[in-house]
Number of protein chains: 2
Amino acid sequence: MRPTMKDIAQKTGLSVTTVSLALNNKPANIPPRTRELVLNAARELGYRPNKLAAGLRGKCTNTLGLILPDIRNVFFSSLCKGAEDACREMGWNVILCNTSDSHRRDMEYIQILADRSVDGILYCISSDSTLLQAQESCKLLGSLSMPFVLLDRDAGIAGCDLVLTDHRQGGFLGARHLLFLGHRHIALVTGPSHLNGCKQRLDGVKRAYEDAGIVFDPALVYEGNFRLESGEASVDFLLNKKISAVFAFNDMMAYGIYKGLRRRGLRVPRDLSVIGYDDVFPSDIVGVPLTSVRQPVYEMGKAGARRMISRIQQPQILCETKLLSPVLVLRESTAPFK
Amino acid sequence: MRPTMKDIAQKTGLSVTTVSLALNNKPANIPPRTRELVLNAARELGYRPNKLAAGLRGKCTNTLGLILPDIRNVFFSSLCKGAEDACREMGWNVILCNTSDSHRRDMEYIQILADRSVDGILYCISSDSTLLQAQESCKLLGSLSMPFVLLDRDAGIAGCDLVLTDHRQGGFLGARHLLFLGHRHIALVTGPSHLNGCKQRLDGVKRAYEDAGIVFDPALVYEGNFRLESGEASVDFLLNKKISAVFAFNDMMAYGIYKGLRRRGLRVPRDLSVIGYDDVFPSDIVGVPLTSVRQPVYEMGKAGARRMISRIQQPQILCETKLLSPVLVLRESTAPFK
DNA sequence: TTGAAAGCGCTAACAT
DNA sequence: ATGTTAGCGCTTTCAA
């Protein structure tokens, strides 16, 4: 059996209280000699605190729940790694929950994590959630008095912490780069238009256009669904327009565009400049490395976890939205307009 | 505050014991009427059991630890998803631990997970571990009486459960396919030769050669390190040999070979047939979709978690090595020999 | 059929 | 400076 504080107490002839006080560096007047005594006994016995017992008694389990759609998606696994790294550095652990993008499972996992007394939840709202459902999950979290930080998805929930990429800036950076290269007729392959992230990217694009004195043309917008197929499907649309460049609102669709162009014997960037968004895939496995607006996903996970732990330790701090800056990563899929 | 059993006891006028017995369907003779009474009260109060308390008192926390090198690697995130899915189905949860392939961190996390009273650990040994170090981790697990299942990596540890791909069969399948296409001079770009997984792939390749009456030529073997760069670096070697096909022991190196060939203006499969191993990347984002030997990674995670839970529930069952069958996935990077 | 009581390992108010 | 005591929420023996 694992040694407990009781064993240390027995071995030293002290009480369990003194042992607890000494081991936890509590501001009781434990004289150095006694502390030494306890610490030595603990070392000799190979004592390790039982986190379950400490969690049950005290207020804190040092555990976070992480709810996300699917860890197989590199976006979320990077987020997760960031969160876990931050937690490890601070002595916390992470319980991982995959929802398969189902709101029902969001709700289930919130309950389960509360049952397990996690101290807080890092929450990527499942994308099948309506605004109402997102509010419902957050209400559940509230009714459980469970602190949480929303990651990546801005569902328009007020009064909570939020960490995500500044998509307005992201859209701006992507568009500005194409404009800088001399492109004047640029198509957009967006994601679902009701998503805040897409609206903001679009805003950013428009701002870049304004700066350059270009008129935004809604006829050059193709609404995709973030999947490769929709990028591929957009190619027919693209080739019917007089454009020299396309900005895809994620990399998957950019690769779909690659595929559609390839099938038609067209080349990137010779025939069309392509820029993506996210930059989560290893870029060197594809023939023409993709220029892309990188979301700092790992950092997002880290920032989210840190924020969560801060909030747990100081519940009174004000809610904030943390916008992380995207970075334009130049590769070979964009070329100057000729 | 969350309602507890005490609250249910108060509300029903029964004792906490009876409540516990009724809620947990224990084989005490609780008459249906009493149980109803308890269940109703529980529902009305919105009672949810406190898993921390149950874990502290009882023997089981229904929690597994999952130790792996880096969740950002799609191989491990698929494994993780499989494990988590299996756990969810059975009412278990997963604490995720990334080791960055460092043995020291393996050891640390084993301790931490034990401190948290997980019931078992799914363990992907970090690849920087020597055989001795792998044995050390397993010894630590043993000394903590912590049940565990090794995943993916066969470090030659005896007396424990192990779930991994049948790499002998994988090597066989890949080589047989190339032979079937008429290739007779085939290069291998392997991983580090001391790894069991590589040895077994090589064995499988040799067996396929024997079946076809081909002599294995060690001069056609290039030892890579599983990274893209080493695949790319192998191309000089490959082009100096009289070969028509190459079998890379993972996909990353296969993509490195793609890259090296592309740079030299050579085409896959026209100039060289290429077959990979793992099949974890989305194959449709690359120009020439890669033929590859697929490891059933998701299933591996699932099988591992199931095995772990079985062992926890029946500690006496015999240890077993579960070999999962790889699958040859035909795509466009291999062509008949001309 | 039900309940009292002990205890899992720990923390913390209170006492000495 | 240290110990006594109570209790976190639950399970489980033992007794009634």
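Just so it is clear: chains get the letters A, B, ... in the order the sequence lines come, proteins before strands, and each one is counted from 1.
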### Query
Of all residues at least two apart in sequence or in a different chain, which pass the salt bridge (Lys or Arg N to Asp or Glu O under 4.0 Å) check with B:E36?
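Per chain and number, B:E36 pairs via salt bridge (Lys or Arg N to Asp or Glu O under 4.0 Å) with no residue.
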
### Query
Does B:R153 have any salt bridge (Lys or Arg N to Asp or Glu O under 4.0 Å) partners at least two apart in sequence or in another chain, and if so, which?
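If we apply the salt bridge (Lys or Arg N to Asp or Glu O under 4.0 Å) test to B:R153, skipping adjacent residues, the hits are B:D101.
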
### Non-hydrogen side-chain atoms of B:C60 and B:W92 separated by less than 4.5 Å
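Yes, close enough: below the 4.5 Å cut-off.
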
### Side-chain touch A:T63/A:R116, heavy atoms, less than 4.5 angstrom
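A side-chain contact under 4.5 Å is absent here.
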
### Query
So which of B:V297, B:L96, B:V280, B:D152 actually passes side-chain contact (heavy atoms from CB on, under 4.5 Å) with B:F76?
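Only match with B:F76 under side-chain contact (heavy atoms from CB on, under 4.5 Å): B:D152.
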
### Query
Using a heavy-atom distance cut-off of less than 4.0 Å, which residues of residues 37-51 of chain B contact DNA chain D?
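Residues of residues 37-51 of chain B under 4.0 Å from DNA chain D: B:Y47, B:P49, B:N50.
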
### Task
Say whether A:D119 and A:T61, considering side chains only, have a donor N or O and an acceptor N or O under 3.5 Å apart.
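There is such a pair between these side chains.
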
Take the protein atom [atom1] of [X] and the nucleotide atom [atom2] of [N], then report the distance between them rounded to whole Å.
X: B:K26; N: D:dT11; atom1: NZ; atom2: C1'; answer: 7 Å
X: B:M5; N: C:dG3; atom1: CE; atom2: C1'; answer: 15 Å
X: A:N25; N: C:dA12; atom1: CG; atom2: P; answer: 14 Å
X: B:L52; N: C:dT11; atom1: CG; atom2: P; answer: 13 Å
X: A:I8; N: C:dT11; atom1: CD1; atom2: P; answer: 11 Å
X: A:N24; N: C:dG9; atom1: CG; atom2: P; answer: 16 Å
X: B:E36; N: C:dT1; atom1: CD; atom2: C1'; answer: 17 Å
X: B:L56; N: C:dG7; atom1: CG; atom2: P; answer: 14 Å

Less than 4.0 angstrom from a charged side-chain N to a carboxylate O is my criterion; do [X] and [Y] meet it?
X: B:E299; Y: B:K322; answer: no
X: B:E108; Y: A:R88; answer: no
X: A:R72; Y: B:E84; answer: no
X: A:D85; Y: A:K81; answer: yes
X: A:D115; Y: B:R2; answer: yes

### Message
Can you identify which nucleotide, out of C:dC10, D:dA1, D:dC10, has its nearest atom closest to the A:P31 side chain?
### Response
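Within the option list, the nearest is D:dA1.
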
### Query
Picking from C:dT11, C:dT2, C:dA12, which would you name as closest to the side chain of A:K59?
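Among C:dT11, C:dT2, C:dA12, the one nearest the side chain of A:K59 is C:dA12.
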
Protein and nucleotides 13-16 of chain D: nitrogen or oxygen contacts under 3.5 angstrom:
none

Using OP1 and OP2 only, check whether a side-chain N or O of [X] sits under 4.0 Å from [N].
X: A:S20; N: C:dC10; answer: no
X: A:T34; N: D:dA1; answer: no
X: A:K6; N: C:dG9; answer: no

### Message
Distance check, rounded to the nearest 0.5 Å: B:L150 atom CG versus B:D161 atom CG?
### Response
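So the gap between those two atoms works out to 8.5 Å.
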
### Task
With rounding to the nearest 0.5 Å, note down the distance linking CZ in B:R105 to CD1 in B:I112.
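So the CZ of B:R105 and the CD1 of B:I112 are separated by 9.5 Å.
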
### Task
Could you say whether B:G58 or B:S15 is positioned toward the 5' end of DNA chain C, judged by the nucleotide with the nearest heavy atom to each?
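Mapping each residue to its closest nucleotide by heavy atoms, the 5'-most match is B:S15.
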
Would you tabulate the nitrogen or oxygen pairs shorter than 3.5 Å linking the protein to nucleotides 14-16 of chain C?
none

### Query
Considering all heavy atoms of both residues, which atom of A:S77 and which atom of A:I71 are nearest to each other, and what is their separation?
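Closest approach of A:S77 to A:I71, heavy atoms only: CB-O, 3.3 Å.
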
#### Entry: Dot-bracket summary - DNA chain D, pairs being Watson-Crick or G-U whose distances fall under 3.5 Å, with | when paired to another strand
||||||||||||||||

